[in-house]
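Only this structure's heavy atoms are used, side chains among them; waters, hydrogens and symmetry mates stay out.
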Amino acid sequence: MNERDMSLMDHIAELRRRILIIVVFFVIALVVGFFLATPMITYLQGAPTAQDLPMNAFKLTDPLRVYMTFAFTSAFILVFPIILYQLWAFVSPGLHENERKATLAYIPIAFFLFLGGLSFAYFILFPFLIQFIGGLAERLHINELYGINEYFTFLFQITMPFGVLFQLPVVVMFLTRLGIVTPEFLRSVRKYAFFVLLVVAGFITPPELISHLMVTVPLLLLYEFSIWVSHLTYRKVQKLEKLRQEKYRQEEG
């Protein structure tokens, strides 16, 4: 059924169906996550950033909370491509055939960008923050005694937002393909976007200049990269539209 022929109730029913599919796959992925949680926790506890940190359970429920957090996070990562595909499937009826094929290719790109954001935060940003906090504690003569729940909560607070923020180029590419944004619009709102990214960086990082810059600079570069991606996509859309109009004139002639 064409999207133009669908009523509001049809859209709601379709959305409900897509959400139900995501929930089913998430439950399956959660079962897998229960098996992945223990080896992941063990691996991260033995990583260089955690080897010298004594971890403790300050509450009786801390081990269970950490285990469940890893299980749910693993499930979300596993089901992330399914979420992207269902989102694409929901909006695809309103796209042209060539747009459907082009936007479908965004799904693997978005997934690898998500993994790239997690990797950047874990392997580059997180070790620096741990080293900085440890050095600060040493200068202040503070004995470090961390709870395992607090450590992994801090880890997820740093890494997961980057997985989401690294979706910016794909989102911009998708919106440009749909004609919702243009490179000129992104350039015109650059200063407002930079301000928002500065605020986001402030929420992610501790109140310290160097760590703030380590988050802010990649985000600003990511926005500039998104403008470039939008420019390439916009040119391609214009070219396809021009070819479509020429074909239409030939058929009319």
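Annotation: side chain of L78 is in contact with side chain of L36 (closest heavy-atom distance under 4.5 Å). A heavy-atom distance below 4.5 Å is found between the side chains of I124 and M214. Using a 4.5 Å heavy-atom cutoff, the side chains of F154 and Y146 are not in contact. Counting only heavy atoms from C-beta outward, the side chains of R177 and Y234 never approach each other to under 4.5 Å. L219 is not listed as a side-chain neighbour of F194, based on a closest heavy-atom distance of 4.5 Å or more.
The backbone N or O of F185 lies less than 3.5 Å from a partner atom in the side chain of T182, making a donor-acceptor pair. Panel note: side chain Q167, backbone A110; a donor-acceptor pair is recorded below 3.5 Å. Using modelled atom types, one side-chain atom of Y223 and one backbone atom of L186 make a donor-acceptor pair closer than 3.5 Å. With Y151 contributing its side chain and N56 its backbone, the two residues share no donor-acceptor pair below 3.5 Å.
Residues A37 and F70 approach most closely at CB-CB, 3.9 Å, considering heavy atoms. In plain terms, the two heavy atoms of A50 and Q45 that are nearest each other are CB-O, 3.6 Å. Across T69 and T73, no two heavy atoms sit closer than the pair O-OG1, 2.7 Å. Here the closest heavy-atom approach between residue T159 and residue L118 is recorded as O-CD2, 3.3 Å. Between G33 and S74, the closest heavy-atom pair is CA-CB, 4.0 Å. In plain terms, the two heavy atoms of F114 and I77 that are nearest each other are CE2-CG1, 3.8 Å.
Ring-plane geometry between F156 and F152 is classed as tilted, the angle between the planes lying from 30 to 60 degrees on a 0 to 90 degree scale.
Atom CG of residue L232 and atom CD1 of residue I227 lie 12.5 Å apart, to the nearest 0.5 angstrom. From L221, atom CG reaches atom OG of S226 across 10.5 Å, with rounding to the nearest 0.5 Å. If you take OH on Y122 and CD1 on I158, they are separated by 13.5 Å, rounding to the nearest 0.5 Å. Here F126 contributes atom CZ and F162 contributes atom CZ; the two are 13.0 Å apart, rounded to the nearest 0.5 Å. Expressed to the nearest 0.5 Å, how far CG of L220 lies from CZ of R190 amounts to 10.5 Å. Atom CZ of residue F76 and atom CD1 of residue I83 lie 5.0 Å apart, to the nearest 0.5 angstrom.
The number of heavy atoms from other shown groups lying within 6.0 Å of CZ (F58) is above 12. Residue F80 places its CZ atom among more than 12 non-hydrogen atoms of other residues, nucleotides or ligands, all under 6.0 Å distant.
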Could you go through V170 and F166, starting from their C-alpha distance and side-chain angles, then the distance that decides it, and tell me whether this counts as side chain to side chain contact (heavy atoms under 4.5 Å, CB included)? CA-CA 8 Å; V170 175; F166 267 52; over 6 Å; no

